[in-house]
Protein chains: 2
Amino acid sequence: MVTIKDVARHAGVSVATVSRCINETGYVHADTRKKVEDAVRALNYAPNEVARSLYTRKSKLIGLLLPDITNPYFPQLARGVEDGMQANEFRIIFGNSDENEQKEQEYIQTFIQNNVVGVISSTNRPDSDIYAKLNIPVVFLDRTSSDSPSVYSDGRKGGRLAAQEMIARGSKRITVLRGPVHIRPAQDRFQGAVEVLEEAGIDYNIIQTSSFSFAEAESWAKELFAKHLDTDGVIASNDIVATAVLHEAQRLGKRVPEDVQVIGFDDIPLSSLLSPSLSTIRQPAYDMGKEAALLLIRLIEQGKVDNRNIQLPVSFVERDTTRKVD
Amino acid sequence: MVTIKDVARHAGVSVATVSRCINETGYVHADTRKKVEDAVRALNYAPNEVARSLYTRKSKLIGLLLPDITNPYFPQLARGVEDGMQANEFRIIFGNSDENEQKEQEYIQTFIQNNVVGVISSTNRPDSDIYAKLNIPVVFLDRTSSDSPSVYSDGRKGGRLAAQEMIARGSKRITVLRGPVHIRPAQDRFQGAVEVLEEAGIDYNIIQTSSFSFAEAESWAKELFAKHLDTDGVIASNDIVATAVLHEAQRLGKRVPEDVQVIGFDDIPLSSLLSPSLSTIRQPAYDMGKEAALLLIRLIEQGKVDNRNIQLPVSFVERDTTRKVD
DNA sequence: TTTATGTGTGTAACCGGTTCCACATTTCGA
DNA sequence: TCGAAATGTGGAACCGGTTACACACATAAA
């Protein structure tokens, strides 16, 4: 490994000068600078970030904690974060928390041990003292926290939108799938939808679900039609569940959207490729990830920031699981 | 931040003793050990991995480079890697390469600067000197390299399987979607399928594609039916493309599988949720990721390993886009 | 009893950078 | 022309660990 000493020797200067040169701090004479730059090139030198980090107590690393990258909503977020970070030369240490406090704790611990300069987390416990104790900036992604920086979309409005669009398209006996109770955005959506249904005096049922997993989605879809065979509109807690509902409806010989309309949530990439393609409430996941990255970078570099809670808009994406209106 | 010195002071011993104690190297008297352990607990001490890494030139970090986490095949791989690493207390620095040599180079560079002890990469250039020059172990994932450690599945066999199953189910005018030429596994699949079609003397067409992206998948599906409207069997290069084909076929009023059969590749999670659910050639992506992690760990800890090229089996998953045989 | 060996502990060098400080030289305003 | 300020450079301390080495003491073998 070529070190700063090798460069110094090659250039005939001290390590201090090399350091000042590559960091552009302090005075360096133009001629000296040239010698150093030549040496760097000749030896193909890249500074050891570990040594740097030890002294400065900083790094170019941030920690990213997501519940489960296998859930198709999260890759979008992750990619947004990554692109935002990559453009600013930060690197990401990544972990899946499985919404498990212990794992979350462990990851945060090792993030700190590796001198990360910031953390982005999609946690259900933003107010846990795991985070309160950290003395580096944290951005909560897809999760709200009143007084911590966060990037999220308006779940309640999304839920309202879903219900409004479904009512406008004529469903009378609506079933709302209520997502996992411990996941805040899921509850917001649910809340929003129920509000609108109540306001409109529409008949509705609730099916409780407890995860967003593929495997279980199918069983809730079955439960839904077993309990409410005559439902003519389903507001799903996310696109995976919506897909399972669609699948089950078709298996039962129902026509979508004629017999039953379905609206999902998230707008994951495959939604548009289903048959019929899935109408859904879109969250701009990629943008959310990117905003989170940029917000975190601002917090890291400027210490504090005015707009610390960024809410991105949701929108109704009309596809083929809902009927057309004029 | 609490350092080893604080622990030493609190326990009334030297830092060397604390170090020996927490690393379980050298002699430590039982009484002393207790004092140190108490101090560690009392101060809630966790060693600074950066300082450790600087001296030992090692770390508990590995680099993971995937083309694009947004492609639904990769989260599975990533998750497998993560679980394998997590269980052995390694952490992952993650990057998306976009199959772009420059980005790949940059990531590998920063991996090294951060003292990672190993790399897992899904690259199209396993033989590039980016990797040859590294003096830490590298495992190629989902990519083959004759003389480097790798974990992959048998693409050619998968392609053969797809063609065989399709022929066995009566398709006569088959269209094979050929994946991007620079992606080795895609070409293996294609090769395998074409071999079988040739051997069987079946009429077939080829549609060339150049990426696995969602956006473009739809246009290839359109192109496919525009050129070969009468095709009665499509072997897709992966499940995304297969989904787009399915979607387009249905849009054109074709019945699947009666009028046209479709076989995908990968078995991404959503495949089973499509309507009709997608028959596909399954690659055990999660297991591949996990195997890659374990192989890399063996390489890191033992220096070398006998079985460095791990091939995992592919299998035909029969669902509803293919006809039933007795 | 002597000597070798095993056990237990502390001091200090080291990893590869960054930065404080001292010192030398140059530039510039009065 | 002189003193102050600006410019340029190197030595050495420092970041928080690990480990080589020296040394003290206990135990066992000769």
Side-chain angles (χ1 to χ4, degrees), chain A residues 1-37 39-40 43-61 89 109-117 135-136, chain B residues 1-37 39-40 43-61 89 109-117 135-136:
Chain A
M1 182 191 239
V2 24
T3 74
I4 198 171
K5 277 188 198 136
D6 302 322
V7 176
R9 196 172 319 124
H10 193 280
V13 299
S14 73
V15 295
T17 300
V18 176
S19 177
R20 278 189 296 261
C21 196
I22 58 180
N23 292 300
E24 307 197 329
T25 60
Y27 296 111
V28 182
H29 193 281
D31 298 351
T32 312
R33 160 155 291 125
K34 173 133 195 353
K35 279 192 290 184
V36 171
E37 282 167 356
V40 166
L43 301 176
N44 194 23
Y45 168 73
N48 180 327
E49 287 294 336
V50 174
R52 271 190 171 164
S53 176
L54 179 58
Y55 185 85
T56 61
R57 292 191 172 83
K58 293 189 195 322
S59 71
K60 295 297 268 181
L61 295 174
E89 291 170 328
Q109 166 88 284
T110 56
F111 288 168
I112 295 303
Q113 290 180 272
N114 284 286
N115 273 9
V116 301
V117 285
N135 45 11
I136 52 172
Chain B
M1 182 192 239
V2 24
T3 74
I4 197 171
K5 277 188 197 135
D6 302 322
V7 176
R9 195 171 322 122
H10 193 280
V13 299
S14 72
V15 293
T17 300
V18 176
S19 177
R20 277 189 296 260
C21 196
I22 59 180
N23 293 300
E24 308 197 329
T25 58
Y27 296 111
V28 182
H29 193 280
D31 298 350
T32 312
R33 160 155 290 127
K34 174 133 193 355
K35 281 191 289 183
V36 171
E37 282 166 356
V40 165
L43 301 176
N44 194 22
Y45 169 72
N48 180 325
E49 287 294 337
V50 174
R52 269 190 173 164
S53 176
L54 179 57
Y55 185 86
T56 62
R57 292 190 171 82
K58 293 188 196 317
S59 71
K60 294 298 267 181
L61 295 174
E89 290 170 328
Q109 167 88 286
T110 56
F111 288 169
I112 295 303
Q113 290 180 273
N114 284 286
N115 274 8
V116 301
V117 285
N135 45 12
I136 52 171

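Residue numbers start from 1 in every chain, and the chains themselves are labelled A, B, ... in the order their sequence lines are given, proteins ahead of strands.
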task: Tell me whether the OP1 or OP2 atom of C/dC15 has a side-chain N or O from B/R52 closer than 4.0 Å.
output: no

pair A/N48-B/N115: side-chain heavy atoms closer than 4.5 Å: yes

message: Could you tell me how far apart B/L43 (CG) and D/dG16 (C1') are, to the nearest whole angstrom?
response: 15 Å

task: Give the rounded distance in Å between these two atoms: NZ of A/K34 and P of D/dT9.
output: 15 Å

message: Return the CG to OG1 distance between A/L61 and B/T110, rounded to the nearest 0.5 Å.
response: 8.5 Å

- request: Would you mind reading off the distance between A/K5 atom NZ and D/dG10 atom C1', rounded to a whole angstrom?
  value: 15 Å

- prompt: Between C/dG17, C/dC15, D/dG11, which nucleotide has the shortest distance from any of its atoms to the side chain of A/I4?
  reply: C/dG17

- request: Send over the distance from A/R9 CZ to C/dG16 P, rounded to a whole Å.
  value: 11 Å

- prompt: Any side-chain N or O of B/Y55 under 4.0 Å from OP1/OP2 of D/dA20?
  reply: no

field: Spacing of CZ belonging to A/F111 relative to CD belonging to A/Q113, to within rounding of 0.5 Å
entry: 11.5 Å

- request: Could you pick out which residue, B/A16 or A/A46, lies toward the 5' side of DNA chain C when each is mapped onto its nearest nucleotide?
  value: B/A16

field: Interatomic distance where OH belongs to A/Y45 and C1' belongs to C/dG16 [whole Å]
entry: 7 Å

message: Between the base of C/dG10 and the side chain of B/R20, is one N or O donor paired with an acceptor at under 3.5 angstrom?
response: yes

query: For the side chain of A/N48, counting heavy atoms from C-beta on, which of D/dG16, C/dG17, D/dT19 is nearest?
result: C/dG17

task: Give one of base, sugar-phosphate or nothing for B/V28, where a contact means two heavy atoms less than 4.0 Å apart.
output: sugar-phosphate

query: Has A/S14 got a side-chain N or O lying under 4.0 Å from the OP1 or OP2 atom of D/dG11?
result: no

query: Nearest 0.5 Å, what's the CD-CZ distance between A/E24 and A/R33?
result: 6.0 Å

- request: Evaluate the criterion side-chain hydrogen bond (donor to acceptor under 3.5 Å, both in side chains) for residue pair B/N23 and B/R52; output intermediate values, then yes/no.
  value: CA-CA 11 Å; B/N23 293 300; B/R52 269 190 173 164; 3.3 Å; yes

task: May I have the distance from B/E49 (atom CD) to D/dG16 (atom P), rounded to whole angstrom?
output: 15 Å

field: Residue mapping more 5' on DNA chain C - nearest nucleotide basis, B/T56 or B/V15
entry: B/V15

- prompt: Just to confirm, is there a sub-4.0 Å distance from OP1 or OP2 of D/dT18 to any side-chain nitrogen or oxygen of B/N23?
  reply: yes

- request: Select base, sugar-phosphate, or nothing to describe what A/V13 touches, counting heavy atoms under 4.0 Å on all strands.
  value: sugar-phosphate

Qualifying residue for side chain to side chain contact (heavy atoms under 4.5 Å, CB included) with B/T17, from B/I22, B/T32, B/V7: B/T32

message: Can you measure B/K60 atom NZ to D/dG17 atom P for me and round it to whole angstrom units?
response: 17 Å

query: Phosphate oxygens OP1/OP2 of D/dT18: is one of them under 4.0 Å from a side-chain N or O of B/S19?
result: yes

statement: Closest of D/dT9, D/dT19, C/dG17 to the A/P47 side chain is C/dG17

message: If the cut-off is 4.0 Å, is B/T32 near the phosphate of C/dT9, judged by side-chain N/O to OP1 or OP2?
response: yes

- line: Out of C/dT9, C/dT18, D/dG16, minimum distance to the side chain of B/M1 belongs to D/dG16

- request: May I ask you to verify if any side-chain N or O of A/Y27 is less than 4.0 angstrom from the OP1 or OP2 atom of D/dG8?
  value: no

- line: Considering only heavy side-chain atoms of A/R57, the closest of D/dT18, C/dT18, D/dG16 is D/dG16

- request: Calculate the interatomic distance between B/N114 atom CG and C/dG16 atom P; express it in whole Å.
  value: 15 Å

query: Is A/V18 touching bases, backbone alone, or none of the nucleic acid, heavy atoms closer than 4.0 Å?
result: nothing

